[in-house]
Structure formats: structure tokens, C-alpha cells
Amino acid sequence: MDAVDAAFDPWSPEFVADPYPAYAELRATGRAHWFAPTRQWLIPHYEDVSALLRDRRLGRTYTHRFTHEEFGQAPPAAAYEPFHTLNDHGLLDLEAADHARIRRLVSKAFTPRTVENLAPTVRRLAAGLVGDLVAAGGGDLQASVAEPLPVAVIAEMLGVPEEDEERGRLRPWSAAICGMFELNPSEETARRAVEASIEFSDYLRELIARRRRHPGNDLISSLIAVEELTEQEMISTCVLLLNAGHEATVNTAVNGWWTLLKQGVRPDPEKLSTAVEELLRYDTPLQMFERWVLDDIELDGVTLPRGSEVALLFGSANRDPARFGPTADTLDLTRADNPHITFGAGIHYCLGAPLARLELTAVFGELLRQAPTLKLASEPTRKPGYVIRGFEELLVEV
């Protein structure tokens, strides 16, 4: 217990800055570690994380099988109801038949052909954003390039009009809502998430009403045409697509460029997709993914009892030498055997992974082409969050 508490400290700035030595200690001392501060089992090994992501004895929720009382959990506080209503009806937190139904409908928006058709738009947007950064002589790579691109792409997919003033609030709303996915979020974090959930839901409800009157060639109009979806499911799906559709891209782009600039290396433009996969593995943007134990699971002689929660440590799994060999802690931009689990696995595998890869390749490609002399202007400050790991900003010079 003491060894785990000493190694794993997700509220420590030093740990958040570099959690990888602690992960190595966890891997060396066991396959499942009880972490009392969050009442979770920490799972650090690649093989276990990969297998448990596919194990139907685990679930993102338990309410499809149990009441809160049956599962030994207290119901969510009434004050947080707007957040939970929004979150609980989204694809990420649904299980069983509801998950399969909504995933089948939404997956049509992420077919290979759909993503391929988006490629010219993504590349045009990336070229323009990077061009503006270069023309300015530098600036905040996160605010000027990494954030606007995926938000603009998702907004276009959903059909959010450019003239709507709420378009500029999509990223702040998303950031506030995602704050609730950190470990033991504060009352202030919860308050901001609830406020953003209400405002975002109200805007989408109004936008859906507009699309009912005047359908367009966008995802919201397509979802309206499907009678199987309730309005709340549509709203929750749209919010999830924005939240999940840009967090990985933003943080991989910024974490990745920080790593490249610190190590003084550049990807080969001809092998950019391979380099992007390595950056996704090397400094994982989503460090942890949580699951509820629906039926007892035994792991290396340890029983994970029904009603408990596991924390699958993606960041640790992606640096596990048992899977990635003796160079697991080394950035290898030419790594060919790279089955990282940054986008998850099983039924909750990220639908938007192909789009994220397209956006990342476009951003890295344009920066390599237009800003070959890119360098850090100052040492960046990390955000305090551990689960979604990134920087406050990344100031660069061209």
C-alpha cells in the first residue's frame, strides 16, 4: 500500500510531468494495485490492460444490470444531474444494446470513405492555421493550431454554423465537461461542468430544432432522420463527438511537438504516419481509462470484486517492455511494431481514430513543411490534470 501511494501520485505536478518511472515501479511489483485515495485497482501491464478492455465482465457503467444500491454505490448528487444526464446517454458510457444501437448509427459518419472525403478540408485548414503561425513569427502552437483544427472539423461535421457565436464556446464547454473525468474532481470543477452541460445542451437542442425545420448535409440532420434516437441521445452523442474528437488530437499534437523539440529530432515526412503512431504511444494523451467490475475477476491471484473499479493505465501499458521491448521508454519515430492502445480496444474502441490520425498527420506535415526551424520560445507549463494530460500552452518561434 505505502509503496503504491509513494509511486502513484496523480495530484503531484512532478508525477504528472513524468509518470513513467512510477509506472515502471508499478509494473515491477504486481499486476493489480489497490489505490485507496480513489478506491480503484490500478492495472499497469499492457497484456492485462489490453485484455480487460475487451472483457465484458467490465463496463463503463453498471446501470444496465444493477441499481446503484445493488452495486453498492451511492446515486450521483442531485446538483450534478445535468452533467450525468448528458454523459450517461453518450456512446462512451453506454453498454449492451443501447451502445450497439447508437454505435451502429454514428459509425456511418466515420467510414473510411467519409474520412477520406474530409481529407482535403483537414489539410486546407491545417495549412492555413500553420501559415498564420509562421506569418506571425510564432506564438502558441496549442491555441493557434492544435486546438482550432479538430474543433473546426467536428463543428463542420455536426453542422454548427460559422456565424453562431456559440461556435467559439465549443472548446471551453468541452474543457469544462472533461474536467469531470479527472480523479476526485473538486466542487468548482463539478460546478463548471454542470454549467457547461446545461449551456451546451441548450444550444444543441436549439440547433436540432433548426435542423428539423431546415435539414442540411451534416451529422445532426442525419441523426434527426433516424427514429431510433431520442433527442437526449442526439445531444449526448454530439457532445461526446466534440469532446472525444479533439482531446486526443490536441494533446498528442502539443505533447508530440514538445517531445520533438526537447529531443531535437524531426520525423521523416515520407514516414509521417509511422511517426504519429509512435508519438501516440510514447506520451499517451489519455493516461487512464476507468471501468466498473460487473462480475468478480481474478488477476494473478488477486480478486477484483464486483462493485469495485479498475483504472487501466494506458500510459503505463504503452511503455511496457514486455510488449515494446527494451526500447519501450525510447522515442523511435520509425517503430514498425507498434500496437499501442491509445485509442482503446473492444467495443469502446475510438470511432474517431481514423479522423484523429488524419488531423495529426496534417498538422505535423504542415509544420515540417512550413516551419522547419520551429523551436521552443519558453518552457511550457503542464495542466494540473493527470487523466487527460497536456500543457497550458506551447510557445514557439519560427
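- Here the straight-line distance linking atom SG of C178 with atom CG of L242 works out to 8.0 Å at 0.5 Å rounding.
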Legend entry - Trace of the salt bridge (Lys or Arg N to Asp or Glu O under 4.0 Å) decision for D295 with R65: CA-CA 11 Å; D295 296 296; R65 285 184 51 184; 2.9 Å; yes
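- Heavy-atom minimum distance, R291 versus L53: NH2-CD2, 3.7 Å.
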Legend entry - salt bridge (Lys or Arg N to Asp or Glu O under 4.0 Å) evaluation trace for E182 with K383: CA-CA 12 Å; E182 292 297 334; K383 293 179 180 178; over 6 Å; no
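- Using a 3.5 Å distance cut-off with no hydrogens or angles, the side chains of R54 and S50 do pair a donor with an acceptor.
- The environment of CD in E70 is crowded: more than 12 heavy-atom neighbours from other residues, nucleotides or ligands sit within 6.0 Å.
- Residues L94 and H64 are not in side-chain contact: their nearest non-hydrogen atoms beyond the backbone lie 4.5 Å or more apart.
- Between the side chains of N318 and T284, at least one donor N or O sits under 3.5 Å from an acceptor N or O.
- With contacts defined as side-chain heavy-atom distances shorter than 4.5 Å, the pair R210/D164 qualifies.
- A donor atom on one side chain and an acceptor atom on the other are not found under 3.5 Å apart for R357 and S273.
- Taking all atoms of both residues into account, the shortest heavy-atom contact from Q142 to P148 is O-CD, 3.8 Å.
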Inset, instruction - Show your reasoning for whether side-chain contact (heavy atoms from CB on, under 4.5 Å) applies to F364 and L260. - result: CA-CA 11 Å; F364 279 94; L260 294 173; 3.8 Å; yes
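- Without hydrogens or angle criteria, R389 side chain to A17 main chain gives a donor-acceptor distance under 3.5 Å.
- F35 and F8 have perpendicular rings, their planes meeting at more than 60° on a 0 to 90° scale where under 30° would count as parallel.
- Under the 4.5 Å side-chain criterion, counting only non-hydrogen atoms from C-beta, W173 is not in contact with S201.
- For G30 against H45, the heavy-atom pair with the smallest separation is O-NE2, 3.2 Å.
- No side-chain N or O of S186 forms a donor-acceptor pair with one of E188 less than 3.5 Å apart.
- Atom CG of N184 has more than 12 heavy atoms from other residues, nucleotides or ligands within 6.0 Å.
- A 4.5 Å side-chain heavy-atom check between V160 and E166 finds every atom pair outside the cut-off.
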Legend entry - Criterion side-chain contact (heavy atoms from CB on, under 4.5 Å) on F343 and Y349, from CA distance to verdict: CA-CA 6 Å; F343 292 118; Y349 180 79; 3.6 Å; yes
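- Counting only N and O atoms by type, the side chains of S236 and Q232 include a donor and acceptor under 3.5 Å apart.
- How far CD1 of I297 is from CG of D55: 4.5 Å, rounded to the nearest 0.5 Å.
- Annotation: cation-pi geometry not satisfied between R335 and F324 (NZ/CZ under 6.0 angstrom from ring centroid, within 45° of ring axis).
- What you find for V194 and A79 is that their closest heavy atoms are CG2-O, 3.7 Å.
- Distance CG/L223 to CD1/I235: 11.5 Å, rounded to 0.5 Å.
- For E95 and H348, the side-chain atoms include at least one donor-acceptor pair closer than 3.5 Å.
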Residues 112-138, side-chain donor-acceptor partners within the protein, below 3.5 Å, at least two apart:
{"from": "T114", "atom 1": "OG1", "to": "T111", "atom 2": "OG1", "distance (Å)": "2.7"}
{"from": "N117", "atom 1": "ND2", "to": "R113", "atom 2": "O", "distance (Å)": "3.3"}

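- Ring planes of Y20 and Y282: parallel class, angle under 30° (limits at 30 and 60°).
- Remark: side-chain polar atoms of S221 are paired, donor with acceptor, to backbone N or O of G216 under 3.5 angstrom.
- Taking 4.5 Å as the limit, every side-chain heavy atom of E147 sits out of range of all side-chain heavy atoms of D140.
- More than 12 heavy atoms of other residues, nucleotides or ligands sit less than 6.0 Å from atom CD of E379.
- Heavy atoms of other residues, nucleotides or ligands lying less than 6.0 angstrom from CD of E187 number 12 at most.
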Inset, instruction - Might you work through the side-chain contact (heavy atoms from CB on, under 4.5 Å) test for I154 and M157, ending with a clear yes or no? - result: CA-CA 5 Å; I154 294 296; M157 289 181 68; 4.2 Å; yes
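- Hydrophobic clustering, defined by side-chain heavy atoms of Ile, Leu, Val, Met, Phe, Trp and Tyr closer than 4.5 Å, groups Y62 together with F66, F71, W292, L294.
- Note: the hydrophobic cluster containing I347 does not contain F314 (ILVMFWY, side chain heavy atoms under 4.5 Å, direct or indirect links).
- Here the CG atom belonging to L333 is positioned 6.0 Å from the CG atom belonging to L279, to the nearest 0.5 angstrom.
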Inset, instruction - For D296 and L304, run side-chain contact (heavy atoms from CB on, under 4.5 Å): C-alpha distance rounded to whole Å, both residues' side-chain angles, the deciding distance at 0.1 Å, then the answer. - result: CA-CA 6 Å; D296 289 0; L304 312 181; over 6 Å; no
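- Following chains of ILVMFWY side-chain contacts shorter than 4.5 Å, one cannot reach L367 starting from L395, and the two form parts of different hydrophobic clusters.
- How far NZ of K375 is from CG of L261: 11.0 Å, rounded to the nearest 0.5 Å.
- The shortest side-chain heavy-atom distance between Q287 and P10 does not fall under the 4.5 Å cut-off.
- Taking 4.5 Å as the limit, every side-chain heavy atom of P150 sits out of range of all side-chain heavy atoms of L355.
- Shown here is E165, whose CD atom has no more than 12 heavy atoms of other residues, nucleotides or ligands within 6.0 Å.
- Distance check: R31 CZ to R27 CZ gives 14.0 Å after rounding to the nearest 0.5 Å.
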Legend entry - Verdict with supporting geometry, R369 and E366, salt bridge (Lys or Arg N to Asp or Glu O under 4.0 Å): CA-CA 5 Å; R369 185 176 68 83; E366 286 299 329; 2.7 Å; yes
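- Of all the heavy atoms in F15 and A22, the pair that sits closest is CE1-CB, 3.5 Å.
- For the pair L86/F83, no side-chain contact is recorded, criterion being any heavy-atom separation below 4.5 Å from C-beta on.
- Between the side chain of S107 and the backbone N or O of R104, at least one donor-acceptor pair lies under 3.5 Å.
- The shortest non-hydrogen separation linking D218 to R211 is OD2-NE, 3.1 Å.
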